[in-house]
Amino acid sequence: MVVLKKINLTKAFAAFDETWSPRIGGDINDFQVKLVKLDGAFHWHHHEEEDELFLVVRGTLRMKLRDENGGDIVLGPGEYVIVPHGVEHCPVAEPTCEVVLFERNTTLNTGNVENERTIREPKRL
């Protein structure tokens, strides 16, 4: 028997305080739903193989993009953007925001850059 559980986003985001440290909220085949709190700027990076969906739940997210990719996109609650693989981007929270990510389970949060913010094994909610 499979037991299904619903996720309340408000409660899920209240369960952790760390920023730039995604939490796995669930698995869908080879994909994952991740919840993350963002604060300030991340860094420029891209993903060789994986596309990413950023859905803003609370706050404002500026997705910085190079001019050849159309320039910056500003997202508010209820808005999302899909960043295709290979596209360099730099998420900036203005100020702190809460975001749901939908991406392959192989996606490394820092993409082609490895630094102190790299999370190899995200925690589960």
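These numbers come from the heavy atoms of this one structure, side chains and all, not from hydrogens, waters or symmetry mates.
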Residue list, ring pair (Phe, Tyr, Trp, His ring centres under 6.0 Å) with His46, at least two apart or on another chain = none
Is Glu94 paired with Arg62 through a side-chain N to carboxylate O contact shorter than 4.0 Å?
-> yes
Are Lys37 and Phe16 in a cation-pi contact, defined as NZ or CZ under 6.0 Å from the six-membered ring centre and within 45° of the axis?
-> yes
Would Leu125 end up clustered with Leu55 when hydrophobic side chains under 4.5 Å apart are linked, directly or stepwise?
-> yes
Indicate yes or no for a side-chain donor-acceptor contact from Thr118 to the backbone of Asn115 under 3.5 Å, with no hydrogens or angles considered.
-> yes
Nearest-0.5 Å distance that lies between atom OG1 in Thr96 and atom CG in Leu38 = 8.5 Å
So, are Glu52 and Arg104 salt-bridged, with charged N and O less than 4.0 Å apart?
-> no
Heavy-atom closest pair (Glu88 atom, Leu65 atom, distance to 0.1 Å) is O-CD2, 3.8 Å
Distance col, row Leu108:CG vs Glu49:CD, nearest 0.5 angstrom, shows 13.0 Å
Could you pull out the closest heavy-atom pair between Gly59 and Pro77, with the gap in Å?
-> O-CD, 3.3 Å
Taking all atoms of both residues into account, what is the closest heavy-atom pair of Val56 and Gly76, and its distance?
-> CB-O, 3.4 Å
Ring-ring centroid check His89 His43, cutoff 6.0 Å | no
Measure from the side-chain N and O atoms of Asn112 to the backbone N and O of His47, and report whether any donor-acceptor pair falls under 3.5 Å.
-> no
Could you give the distance from CG (Leu61) to CG (Leu75), rounded to the nearest 0.5 Å?
-> 5.5 Å
Show your working on side chain to side chain contact (heavy atoms under 4.5 Å, CB included) between Leu9 and Val100 and close with a plain yes or no.
-> CA-CA 9 Å; Leu9 289 176; Val100 172; 4.1 Å; yes
Any donor and acceptor pair, going by atom type alone, linking the side chain of Asn69 with main-chain N or O of Val87 inside 3.5 Å?
-> no
What residue pairs, at least two apart or across chains, pass ring-ring contact (aromatic ring centres under 6.0 Å, His included) with a residue in residues 91-111?
-> Phe31-Phe102
The single option from Thr107, Asp27, Thr106 that satisfies side-chain hydrogen bond (donor to acceptor under 3.5 Å, both in side chains) with Gln32 is Asp27
Distance in Å, Cys90 SG paired with Phe42 CZ, rounded so as to fall on 0.5 Å steps = 8.5 Å
Just checking, Arg58 and Phe13: is the charged tip under 6.0 Å from the six-membered ring centre and within 45° of the axis?
-> no
Taking only residues two or more places apart in sequence, or in another chain, which ones meet Glu79 in a salt bridge (Lys or Arg N to Asp or Glu O under 4.0 Å)?
-> none
Look up atom CZ in Arg120 and atom CG in Asn109, then write down how far apart they are to the nearest 0.5 Å.
-> 9.5 Å
State the CD-CG distance between Glu18 and Asp39, to the nearest 0.5 angstrom.
-> 12.5 Å
Smallest heavy-atom separation, Pro22 atom then Pro122 atom, equals O-CB, 3.4 Å
